[in-house]
Amino acid sequence: KHCYGSNVRVTKTKYYEKYITEDLVCEACGWQGSDIEEIPQRVELSEKLIKQISELYKKTETKDIEYGALILRKDKKIYLGYEQRGKAHEINLKAPDKLDKGEELLGTLHTHPVTDTISPWDIATFLVNDFEKSSIVVGSNSNITLIIKNKATKKLETDNLRKWADSHSNISPMGLAEKYKFLYYEGQYSSLILKVGKSDIVEERLEEVLKNI
């Protein structure tokens with residue numbers, strides 16, 4: 001993360017004759033750390049993703065309802081697929097029964113026709129759905145929110161998501177990120193800034209951020 005060298009190996013850290021963790025080590029500069037520390041301070045979306053998101057948002061502007069899609073990975077490439085249609089202020093994104101060969105489901109993306117931030121309902125479904133390892137919300141004014149689960153993220157234990165969302169409407173999205181321990185980015189296409197979470201890396205593309213999920 002300091003020299004951007006590509007020659008990285010895995011090593012085991014030993015404490016009192018016992019191996020307790022696996023770390024990444026850079027052969028070029030000697031940096032050592034775990035993969036969770038590979039989260040950057042800023043994220044940039046690829047041109048392909050931006051184009052796909054823009055096309056999805058055009059439908060939102062025309063129909064004035066939320067549209068969504070799944071974030072997928074295949075052959076190390078990140079893209080959107082399985083487009084889904086919601087309502088004026090809500091969408092329930094579902095995972096398909098079967099993915100194409102080689103595809104991996106990393107999360108969801110959906111649009112907001114009016115509001116520019118992620119909602120408590122969005123966060124509730126993100127925390128409950130195991131398949132949502134990441135979630136992107138595209139709001140009005142091209143404001144983008146990216147949230148990502150990590151090992152510390154708390155699972156939401158409730159059967160009534162609507163009640164939970166209503167009762168947490170007075171807490172900011174960043175406040176919920178701090179409470180439930182997930183990473184929170186916000187910004188524009190070219191620069192999503194890490195608002196909740198810790199990192200020493202300056203900038204990375206979204207593909208690199210999601211590659212280790």
Side-chain angles (χ1 to χ4, degrees), residues 40 42-149 161-162 165 173-174 176-177 182-195 203-211 213:
R42 292 196 304 272
V43 171
E44 179 184 352
L45 275 65
S46 68
E47 291 183 7
K48 180 177 182 178
L49 267 178
I50 292 173
K51 183 178 179 181
Q52 287 187 299
I53 293 171
S54 298
E55 291 175 352
L56 201 64
Y57 202 83
K58 287 179 183 177
K59 296 182 179 181
T60 294
E61 291 179 320
T62 303
K63 302 290 185 179
D64 204 29
I65 61 175
E66 296 188 10
Y67 279 86
L70 303 182
I71 304 170
L72 301 161
R73 175 175 62 196
K74 185 177 182 180
D75 299 327
K76 297 183 179 180
K77 295 181 180 179
I78 308 296
Y79 58 95
L80 301 181
Y82 303 93
E83 182 180 313
Q84 299 174 42
R85 174 175 173 159
K87 301 177 182 178
H89 303 290
E90 184 178 308
I91 188 170
N92 292 314
L93 292 160
K94 300 183 183 300
D97 293 331
K98 186 178 181 180
L99 296 169
D100 289 343
K101 185 176 180 181
E103 277 188 334
E104 298 174 81
L105 176 53
L106 300 182
T108 65
L109 177 144
H110 74 275
T111 60
H112 281 183
V114 179
T115 58
D116 62 354
T117 58
I118 194 168
S119 70
W121 173 261
D122 297 332
I123 292 174
T125 56
F126 167 74
L127 292 173
V128 165
N129 293 333
D130 290 332
F131 74 88
E132 283 195 78
K133 302 175 183 70
S134 62
S135 180
I136 297 174
V137 176
V138 185
S140 57
N141 302 318
S142 298
N143 188 69
I144 297 178
T145 303
L146 164 66
I147 54 179
I148 303 175
K149 289 174 182 168
L161 295 188
R162 177 53 62 196
M174 283 188 281
L176 291 173
F182 56 87
L183 302 172
Y184 184 98
Y185 289 87
E186 194 173 67
Q188 303 296 309
Y189 289 106
S190 60
S191 185
L192 302 179
I193 309 298
L194 183 64
K195 300 294 184 71
E203 188 169 38
E204 194 60 271
R205 297 180 76 85
L206 182 64
E207 287 85 341
E208 296 299 313
V209 176
L210 298 181
K211 73 178 182 181
I213 288 182

Exercise for review: Could you please spell out the steps behind the side-chain contact (heavy atoms from CB on, under 4.5 Å) verdict for Leu45 and Leu146?
Suggested key: CA-CA 11 Å; Leu45 275 65; Leu146 164 66; over 6 Å; no

Exercise for review: Please test Leu105 against Tyr82 for side-chain contact (heavy atoms from CB on, under 4.5 Å), starting from the C-alpha separation and ending with a verdict.
Suggested key: CA-CA 11 Å; Leu105 176 53; Tyr82 303 93; over 6 Å; no

Revision key, fill the gap. For residues 48-57, the side-chain hydrogen bond (donor to acceptor under 3.5 Å, both in side chains) pairs (sequence neighbours left out) are none

Review point. For residues 85-102, which residue pairs qualify under side-chain hydrogen bond (donor to acceptor under 3.5 Å, both in side chains), counting only residues two or more places apart or in two chains?
Key: Glu90-Arg162

From [X] [atom1] over to [Y] [atom2], what is the distance, rounded to the nearest 0.5 angstrom?
X      : Y      : atom1 : atom2 : value
Ser135 : Ile118 : OG    : CD1   : 5.0 Å
Leu49  : Ile136 : CG    : CD1   : 6.5 Å
Phe131 : Phe126 : CZ    : CZ    : 11.0 Å
Ile78  : Leu106 : CD1   : CG    : 5.0 Å
Lys149 : Lys133 : NZ    : NZ    : 8.0 Å

Exercise: identify the closest heavy-atom pair between [X] and [Y]:
X      : Y      : value
Pro120 : Ala165 : CB-O, 3.5 Å
Ser191 : Arg42  : OG-CD, 3.2 Å
Asp64  : Pro113 : OD1-CB, 3.5 Å
Tyr184 : Ile147 : CD1-CG2, 3.7 Å
Glu103 : Tyr79  : OE2-OH, 2.6 Å
Ala69  : Leu93  : N-CD2, 3.9 Å

**Study point:** Pairing residues for Tyr189 by the ring pair (Phe, Tyr, Trp, His ring centres under 6.0 Å) criterion, not counting sequence neighbours
**Key:** none

Study note, to complete from the structure: With sequence neighbours left out, the residues meeting ring pair (Phe, Tyr, Trp, His ring centres under 6.0 Å) with Tyr185 are none

Taking the side chain as every heavy atom from C-beta outward, state whether [X] and [Y] have any pair of such atoms under 4.5 Å apart.
X      : Y      : value
Glu104 : Leu99  : no
Phe182 : Ile123 : yes
Ile144 : Leu192 : yes
Val138 : Leu56  : no
Leu70  : Gln84  : yes
Leu72  : Leu80  : no
Lys58  : Tyr67  : no
Ile71  : Ser134 : yes

Exercise for review: Only counting residues at least two apart or in another chain, list the ones meeting side-chain hydrogen bond (donor to acceptor under 3.5 Å, both in side chains) with Thr117.
Suggested key: none

Exercise for review: With sequence neighbours left out, write down each residue that passes side-chain hydrogen bond (donor to acceptor under 3.5 Å, both in side chains) with Lys59, or none if nothing qualifies.
Suggested key: Glu83

Check your understanding: So does Glu61 have more than 12 non-hydrogen atoms from other groups sitting under 6.0 Å from CD?
Key -> yes

Point to revise | Under 3.5 Å donor-acceptor, Thr145 side chain and Glu186 backbone | key: no

Check your understanding: So, does Asn143 use its side chain to make a donor-acceptor pair with the main chain of Asp116 at under 3.5 Å?
Key -> yes

